[in-house]
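Everything numeric here is computed off the predicted structure, so don't read it as measured data. Just so we're on the same page: letters track the sequence lines, and every chain starts at 1.
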Amino acid sequence: MLNIPRSFYLNDTLSVAKALLGKILVRYLNGKRLAGIIVETEAYLENEESCHAYRGITARTKTMFEEGGIAYVYLIYGMYYCLNIVTESQGKGCAVLIRAVEPVDGIEIMQQLRKKTGLHDLASGPGKLAQAFNITKLDNGLDIAAGTALTIENHNDKDPEIMTTPRIGIKKAKDLPYRFFINGNQFVSQG
DNA sequence: TTAATGATGGGCT
DNA sequence: GCCCATCATTAAA
């Protein structure tokens, strides 16, 4: 039940993306706890084309240049938000996309936010996850390492078996093996 | 079962 | 104007 400190997020992005698997994403919404086990992530490095920060700082991407542990939230396809966690040092411009979690706490609230029943489709994709946790552009720039409204906890479970593949839904740098997920977990997106 | 498509809006080459 | 780190719905097979 321990909030993960900033030092965790200052490590290299690929290591952080893998280390986040099995950790607990926690959101406090109107005093209620929403939580899920992170089962799928993707890394975005500042030196490859598919990274938003690749072309430098803009109004949208300036959050990606904050220091590790800050939330970077952006609107995609006009209707969904994606939650990222900035990694490494201030000014670097890299982050980890949280793609899917396995719901643990606050499942009824997630079902209301998603307008769905059941468990499997609640947060098995980046847009679904943001909807289930009520994450919007208002959360852009929040300090996840500070451990307040939006945070990540380490429950000291054993390290999961990690699978690696190319990232999903991108056109550039599509072959880089920067997607990670927990082997066999049914809440990973796309099967 | 898989494949195709519409929704919807901010950022940018 | 076109692109986009998506999803739910519909159509086809």
Side-chain angles (χ1 to χ4, degrees), chain A residues 9 12-21 25 36 38-66 68-88 92-103 107 110-142 144 150 152 162-182 185-191:
Chain A
Y9 303 103
D12 80 274
T13 304
L14 294 172
S15 297
V16 174
K18 286 181 274 193
L20 280 171
L21 295 175
L25 175 67
I38 297 172
V39 299
E40 180 181 359
T41 63
E42 284 179 358
Y44 287 86
L45 308 197
E46 77 288 350
N47 61 1
E48 43 97 1
E49 272 189 303
S50 70
C51 181
H52 288 175
Y54 179 72
R55 289 180 173 80
I57 297 181
T58 68
R60 177 176 65 156
T61 65
K62 67 180 184 194
T63 309
M64 277 192 85
F65 294 88
E66 297 291 331
I70 302 295
Y72 169 51
V73 181
Y74 66 91
L75 179 68
I76 189 67
Y77 298 116
M79 37 178 21
Y80 296 103
Y81 290 99
C82 288
L83 171 64
N84 300 252
I85 301 165
V86 177
T87 52
E88 305 192 30
K92 193 80 188 294
C94 43
V96 173
L97 169 67
I98 308 299
R99 283 194 60 89
V101 307
E102 176 177 339
I107 290 169
M110 294 185 197
Q111 288 171 332
Q112 290 171 17
L113 289 165
R114 290 273 298 128
K115 299 179 169 54
K116 293 270 179 183
T117 56
L119 261 189
H120 186 268
D121 290 337
L122 282 186
S124 56
K128 292 187 260 188
L129 181 160
Q131 202 172 49
F133 281 74
N134 197 36
I135 288 167
T136 70
K137 60 186 177 184
L138 298 177
D139 298 299
N140 186 42
L142 280 190
I144 288 174
L150 184 62
I152 297 178
I162 299 174
M163 301 293 287
T164 303
T165 71
R167 292 168 295 184
I168 289 179
I170 58 173
K171 296 254 174 80
K172 301 164 197 164
K174 61 198 296 188
D175 294 329
L176 292 173
Y178 290 173
R179 173 175 176 249
F180 309 99
F181 60 91
I182 296 178
N185 188 284
Q186 63 175 322
F187 295 91
V188 170
S189 69
Q190 310 205 347

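Within 4.0 Å of A:K172, counting heavy atoms only, lie sugar-phosphate atoms of the nucleic acid but no base atom. Looking at heavy-atom distances under 4.0 Å, A:R179 makes no contact with the nucleic acid at all. Using a 4.0 Å heavy-atom distance criterion, A:R167 is classed as making no nucleic acid contact.
No donor-acceptor distance shorter than 3.5 angstrom exists from the side chain of A:R99 to the backbone of A:E40, with no hydrogens or angles considered. Proximity of a side-chain donor or acceptor of A:T61 to a complementary backbone N or O of A:G56 within less than 3.5 Å is detected. Between the side chain of A:Q111 and the main chain of A:G118, a donor-acceptor pair closer than 3.5 Å is present. Although no hydrogens or angles enter the test, the distance criterion places no donor-acceptor pair under 3.5 Å between the side chain of A:E102 and the main chain of A:V39.
Going from atom OH of A:Y54 over to atom P of B:dC12 covers 15 Å, rounded to whole Å. C:dT6 atom P lies 12 Å from atom CG of A:L75, rounded to whole Å. Rounded to whole Å, the distance from CG on A:L83 to P on C:dT6 is 14 Å. A:Y81 places its OH atom 11 Å from the C1' atom of B:dT8, with the value rounded to the nearest Å. Residue A:E42 contributes atom CD, which lies 10 Å from atom P of C:dA5 at whole-angstrom precision. Atom pair A:R55:CZ and B:dG10:P shows a separation of 21 Å (rounding to whole Å applied). A:H52 has its NE2 atom 10 Å from the P atom of C:dC4, to the nearest Å. When rounded to the nearest whole Å, the span between CD of A:E49 and P of C:dA5 equals 11 Å.
Both distances falling under 3.5 Å, in either a Watson-Crick or a G-U wobble arrangement, occur for no nucleotide opposite C:dA5.
By the 4.5 Å heavy-atom criterion applied to side chains, A:L14 and A:F180 are counted as neighbours.
With C:dT9, C:dA5, B:dT8 as the candidates, the nucleotide lying closest to the side chain of A:K116 is C:dT9.
Contact annotation: A:T58 reaches the phosphate of B:dC12 (side-chain N/O to OP1 or OP2, under 4.0 Å). Taking only side-chain nitrogens and oxygens, A:R114 comes nearer than 4.0 Å to OP1 or OP2 of C:dA8. Considering only side-chain N and O atoms, A:R99 lies nowhere under 4.0 angstrom from the phosphate OP1 or OP2 of C:dA5. Contact between the side-chain N/O atoms of A:K171 and the OP1/OP2 oxygens of C:dC3 is not found at any separation under 4.0 Å.
Between A:I76 and A:A59, the residue anchored closer to the 5' end of DNA chain B is A:I76, taking for each the nucleotide with the nearest heavy atom. Position along DNA chain C of the nearest nucleotide to A:G127 versus A:G78 favours A:G78 as the more 5'-ward residue. With DNA chain C read from its 5' end, the first of the two nearest nucleotides for A:D121 and A:I170 is the one closest to A:I170.
No N or O donor and acceptor, one from the side chain of A:Y77 and one from the base of B:dA7, sit under 3.5 Å apart.
Residue A:I107 holds its CD1 atom at 12.5 Å from OG1 of A:T117, rounded to the nearest 0.5 Å.
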